[in-house]
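Okay, structure first, notes after.
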There are 2 protein chains.
Amino acid sequence: MYQQRKPALDARAKVLKAMAHPSRLFILEVLEAGERCVCDLTEMIGSDVSTVSKHLSVLKQAGIVADQKRGNQVFYQLRVPCILNFFGCVETVLQSQARDHAATLSLVGR
Amino acid sequence: MYQQRKPALDARAKVLKAMAHPSRLFILEVLEAGERCVCDLTEMIGSDVSTVSKHLSVLKQAGIVADQKRGNQVFYQLRVPCILNFFGCVETVLQSQARDHAATLSLVGR
DNA sequence: TGTTTATTTGGCAATATAGCCAAATAAACA
DNA sequence: TGTTTATTTGGCTATATTGCCAAATAAACA
């Protein structure tokens, strides 16, 4: 049952895990508008360059972005643009949580 | 730039993180067909009950599943069914990786 | 009530992740 | 060539995650 699905689920989990970090989600949002060099992304995020570089390497390893060296710098681009439509559903989860939270608060308030 | 998006991205990352494990993805697939007790899921997965219970608690915490106690047992159900459509895009990523891998192999084979 | 069954929780060890600094690499340019 | 700029890698510490076992909790049932 599970053992049979395991390889496919491992692969999916790997992609989700690569996305599951706020800086990496931010990178994906920025790249949606077009490619960017590491220096741009670093400035936007405000972490150390080495940290941003490692985030990019995680996304690259997962096959979500591709890189291209031009001259001095390295440009990253989205390889899988649909990755961002993707969030309609995530937002549904978040909204239902917000709803529940509000309901809880109103109960507590009685 | 990033700081402004951070709260929303943190929330999204939390949901993705909760999903990013093969056993938890399996649970979501099973629950898509209907609610299940912890005992069923435990048998299907083949880990310790306590491990499965903790996976369920991660999914619950993220708002993806809900639980309901009936008599002796606890039934879990999907709260956000769209969570599984969600994977069309993930599969795209995985297929493009497979393609690249094949291309690499064919280059190596020359 | 005492026992069995289902589930959760605490605690622990192994492993993975995040983020920083410093050092290595590589291209551009004086 | 020597220097500056951009990026990656190694190394480290702090923190989080995973999965097991044992113990706690709770419902069912004899």
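Since the model is a prediction, treat every value here as computed from it, not as a measurement. To find a chain, count down the sequence lines: A is the first, B the second, and so on, and within it residues start at 1.
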- Task: Dump the intermediate steps for salt bridge (charged side-chain N to carboxylate O under 4.0 Å, His left out) on B:K14 and B:D10, then the final yes or no.
- Result: CA-CA 6 Å; B:K14 220 167 276 180; B:D10 278 340; over 6 Å; no
Find the distance between [atom1] ([X]) and [atom2] ([Y]) and round it off to the nearest 0.5 Å.
X	Y	atom1	atom2	result
B:R36	B:L78	CZ	CG	12.5 Å
B:M44	B:C39	CE	SG	9.0 Å
A:L31	A:R24	CG	CZ	13.5 Å

- Message: Using a 3.5 Å distance criterion without hydrogens, assess whether the side chain of A:T42 forms a donor-acceptor pair with backbone atoms of A:V38.
- Response: yes
- The nucleotide from C:dG19, C:dT9, D:dT8 with an atom nearest the side chain of A:S53 is D:dT8
- Please tell me which of the listed nucleotides, C:dA6, D:dC20, C:dT8, lies nearest to the side chain of B:Q73? C:dA6
- Query: Taking the six-membered ring for Trp, are B:H55 and B:H21 parallel (under 30°), tilted (30 to 60°) or perpendicular (over 60°)?
  - Reply: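 Aromatic pair B:H55/B:H21 classed tilted.
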Whole-Å gap separating [atom2] ([N]) and [atom1] ([X]):
X	N	atom1	atom2	answer
B:H21	C:dA16	NE2	P	12 Å
A:F75	D:dT8	CZ	P	12 Å
B:Q61	D:dA16	CD	C1'	14 Å
B:L41	D:dG19	CG	P	15 Å
B:E35	C:dA6	CD	P	16 Å
B:Q68	C:dT8	CD	P	13 Å
A:Y2	D:dG19	OH	C1'	12 Å
B:L16	C:dT17	CG	C1'	16 Å

- Sequence neighbours left out, what passes ring pair (Phe, Tyr, Trp, His ring centres under 6.0 Å) with A:Y76? Give chain and number order.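 Residues passing ring pair (Phe, Tyr, Trp, His ring centres under 6.0 Å) with A:Y76: none at all.
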- Task: Would you check if A:V58 and A:I64 make a side-chain contact, meaning some heavy-atom pair closer than 4.5 Å?
- Result: no
- Query: Does B:H55 make a side-chain N or O approach to OP1 or OP2 of D:dT17 shorter than 4.0 Å?
  - Reply: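 Negative; the distance criterion is not met.
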- Base-pairing string, 5' to 3', of DNA chain D - Watson-Crick or wobble, under 3.5 Å, | interstrand: ||||||||||||||||||||||||||||||
- Message: For a quick check of understanding: with a heavy-atom distance under 4.0 Å over all strands, which category does B:K17 fall into, base, sugar-phosphate or nothing?
- Response: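 Answer is sugar-phosphate: B:K17 comes under 4.0 Å of backbone atoms only.
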- Query: With sugar-phosphate meaning primed atoms plus P, OP1 and OP2, does A:Y76 contact a base, only sugar-phosphate, or nothing at under 4.0 Å between heavy atoms?
  - Reply: sugar-phosphate
- Note on the structure: 5' to 3', nucleotides 21-30 of chain D under a 4.0 Å protein heavy-atom cut-off (B base, S sugar-phosphate only, - none) gives BB---SBS--
- Message: Can you give me the closest heavy-atom contact between B:A20 and A:L16, atom names plus distance?
- Response: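 Taking B:A20 first and A:L16 second, the nearest heavy atoms are CB-CB, 3.7 Å.
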- Message: Need to verify one output field. Residue with the more 5' nearest nucleotide on DNA chain C, B:V38 or A:R24?
- Response: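 Its nucleotide being nearer the 5' end, the pick is B:V38.
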